[in-house]
Amino acid sequence: MFQRTIRTTWSLKTLPPELILVIFSYLDARFTLRVMTCVCKLFYNLLVPESTWKTRFGKQWPQKDNREDYDYISSWKRLCVQHEDLDNFWQHPNSTLDFYQLKDQHFAAVDTVHVMESAGMCISGSRDRTVGIWSLSALSDPTEPGYTKKSFKQSLDGHRGWVWSLCSDPTGAPRVCSGSWDNMIKLWDLQGYSAEMTTISEHKAAVLCLAWENEMLISGSYDKTVVLHDLRGRKPIRKLKSHSGPVLCLTADERFIVSGSEDKTLSVYDKRASEVYKTLKLESPVFSVCQNSSCGYNYLRVGGRDGRLYLVDTTGDRFDQIIPFMDLRLGPKGKICGICHYGGAVVACSTDKSIKVLEPSRVLSVIHSFDCHSGEVASVSSGGSVLASGSSDLTVGIWRPKSLRPVKNM
């Protein structure tokens with residue numbers, strides 16, 4: 001007798017869609033989006049809907065599935081990617097991150113720092129009126145002595161007042177702008193052995209904040225104005241007068257410029273319409289502002305006095321304040337001086353000498369706290385996998401994953 005054997009060929013595509021998604025849930029979210037969506041039309045159709053990623057988020061992070069965030073989520077896909085990065089990055093920060101304390105170069109408080117990811121440099125501005133250039137690639141083992149001298153590249157002298165604000169060319173070109181209490185903006189070209197300097201003088205008081213969008217430089221000043229500069233023609237495009245107090249911080253994208261002031265207002269300027277789009281009245285002076293739509297939430301974060309962290313809903317260009325504000329409880333003098341995104345989380349620094357790492361959602365949750373400075377922390381900045389801080393203890397702090405230490409030449 002001959003027994004007929006029927007062989008059935010099984011593949012991933014022949015499985016039920018529900019089972020395929022269960023298998024995909026064990027894969028990295030970023031890999032799944034970049035690779036598996038390109039394998040075939042079936043996988044693409046399964047992974048494109050936002051509902052797929054909403055379900056995945058609820059199953060993978062049931063403790064973080066906060067209903068308070070649902071109305072402010074821009075993309076469940078980005079949210080899943082960010083939370084995976086968050087879990088991986090902050091699982092054991094004390095053992096996975098190197099900390100470098102750069103010192104002995106500034107002889108006064110460091111009020112601003114800026115990470116130039118593309119150039120592999122950190123820039124610092126100080127009350128000693130200088131701009132410090134630090135090479136991040138020169139930092140290796142933090143236990144080795146003398147890494148500060150190895151990292152320090154040069155000091156830029158040109159200001160006659162405290163250096164209070166910094167920004168760099170968003171295209172990645174080695175150009176830096178610095179704003180000072182001498183009312184001047186200096187544009188530094190770091191290409192080559194010596195930095196070339198151009199001076200921009202359009203403000204009547206200290207330049208307190210800067211932002212760089214394409215070839216447009218935006219500056220906010222103690223003179224209560226925001227000025228838009230065309231760097232190609234070295235001429236001002238427009239001067240905005242929407243605040244009754246000094247402009248302390250600002251951020252910009254292709255559509256809007258958002259500025260915060262001592263007058264307790266947040267002003268949203270529409271660049272296309274060339275007019276003020278909206279003005280928000282807050283309960284505190286606005287010391288810092290941070291926006292990053294790539295994190296999955298439509299939140300604009302605003303730092304105020306007494307540890308107040310305000311959230312503004314940017315869904316559909318609404319710019320409405322979300323009530324109530326968050327209270328980081330940083331003490332009576334704990335104003336939030338700087339906010340940035342790092343490792344999938346939100347990092348806020350304060351005059352109470354602390355740097356706190358927060359969940360990016362609306363529900364306040366402190367993941368980690370850095371207590372590495374002995375003075376007030378005036379500024380934080382991130383670029384790629386590097387976090388930098390500036391403090392009144394005259395030092396610059398650098399955090400970076402140990403896996404990114406440069407390989408020593410044998």
Side-chain angles (χ1 to χ4, degrees), residues 29 50-51 53-90 249 251 253 256 258 260 264-266 268 278-330 334-350 354-369 380 382 387:
E50 287 288 320
S51 57
W53 296 91
K54 182 178 180 180
T55 302
R56 173 169 172 154
F57 185 88
K59 290 181 178 179
Q60 191 165 345
W61 296 280
Q63 75 283 5
K64 297 180 182 179
D65 193 6
N66 302 310
R67 301 290 169 176
E68 296 89 342
D69 291 314
Y70 272 28
D71 293 335
Y72 312 104
I73 292 174
S74 60
S75 170
W76 288 96
K77 297 183 183 74
R78 290 199 294 266
L79 204 62
C80 288
V81 170
Q82 169 164 315
H83 275 272
E84 283 192 3
D85 291 344
L86 189 74
D87 290 347
N88 295 332
F89 199 92
W90 297 105
C249 58
T251 184
D253 58 21
F256 296 104
V258 181
K264 301 183 181 180
T265 65
L266 196 71
V268 183
K278 197 166 189 176
T279 299
L280 280 72
K281 184 69 177 178
L282 305 178
E283 298 178 19
S284 165
V286 182
F287 294 103
S288 54
V289 61
C290 178
Q291 182 176 13
N292 188 345
S293 59
S294 63
C295 66
Y297 295 109
N298 290 323
Y299 291 144
L300 175 73
R301 293 175 174 84
V302 180
R305 185 178 288 157
D306 300 339
R308 296 180 180 183
L309 183 61
Y310 300 92
L311 292 180
V312 176
D313 176 20
T314 60
T315 306
D317 299 336
R318 280 201 285 264
F319 290 97
D320 292 330
Q321 183 185 349
I322 300 171
I323 305 295
F325 60 81
M326 294 181 178
D327 187 359
L328 294 184
R329 302 186 185 279
L330 301 176
K335 64 182 180 182
I336 302 178
C337 299
I339 312 172
C340 69
H341 290 267
Y342 179 61
V346 177
V347 179
C349 69
S350 167
S354 73
I355 301 173
K356 297 191 183 304
V357 181
L358 312 172
E359 284 272 2
S361 66
R362 182 178 170 185
V363 178
L364 180 63
S365 177
V366 178
I367 303 171
H368 189 70
S369 182
V380 286
S382 63
L387 174 68

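Residue numbers count from 1 along this sequence.
The structure places NZ of Lys335 at 9.5 Å from OG of Ser350, a figure rounded to the nearest 0.5 Å.
Listed by chain and residue number, Tyr72, Asn298, Thr315, Arg318, Ile322 satisfy the side-chain contact (heavy atoms from CB on, under 4.5 Å) test with Asp313 (two or more places apart in sequence, or in another chain). With sequence neighbours excluded, the residues that form a ring pair (Phe, Tyr, Trp, His ring centres under 6.0 Å) with Tyr342 are Phe89, Trp90. Scanning for side-chain hydrogen bond (donor to acceptor under 3.5 Å, both in side chains) contacts around Asp87 gives Trp61, Lys64, with sequence neighbours left out. With sequence neighbours excluded, the residues that form a salt bridge (Lys or Arg N to Asp or Glu O under 4.0 Å) with Arg308 are Glu283. In terms of the ring pair (Phe, Tyr, Trp, His ring centres under 6.0 Å) criterion, residue partners of Trp76 (sequence neighbours excluded) are, by chain and number, Phe57, Tyr70. Checked against side-chain contact (heavy atoms from CB on, under 4.5 Å), Ser75 has the following partners two or more places apart in sequence or in another chain: Glu50, Lys77, Arg78. In this structure Asp320 satisfies the salt bridge (Lys or Arg N to Asp or Glu O under 4.0 Å) test together with Lys278, sequence neighbours excluded. Listed by chain and number, the residues in a side-chain contact (heavy atoms from CB on, under 4.5 Å) with Asp253 are Arg255, Phe256, Gln291 (sequence neighbours excluded). Every residue was checked against the side-chain hydrogen bond (donor to acceptor under 3.5 Å, both in side chains) condition with Thr314, not counting sequence neighbours, and none meets it. For Phe287, there are no ring pair (Phe, Tyr, Trp, His ring centres under 6.0 Å) partners at least two apart in sequence or on another chain. With sequence neighbours excluded, the residues satisfying side-chain contact (heavy atoms from CB on, under 4.5 Å) with Cys340 are Val347, Val380, Ser382, Leu387. For Lys59, the side-chain hydrogen bond (donor to acceptor under 3.5 Å, both in side chains) test picks out no residue, with sequence neighbours left out.
With a 4.5 Å cut-off on side-chain heavy atoms, Glu84 and Gln60 count as touching.
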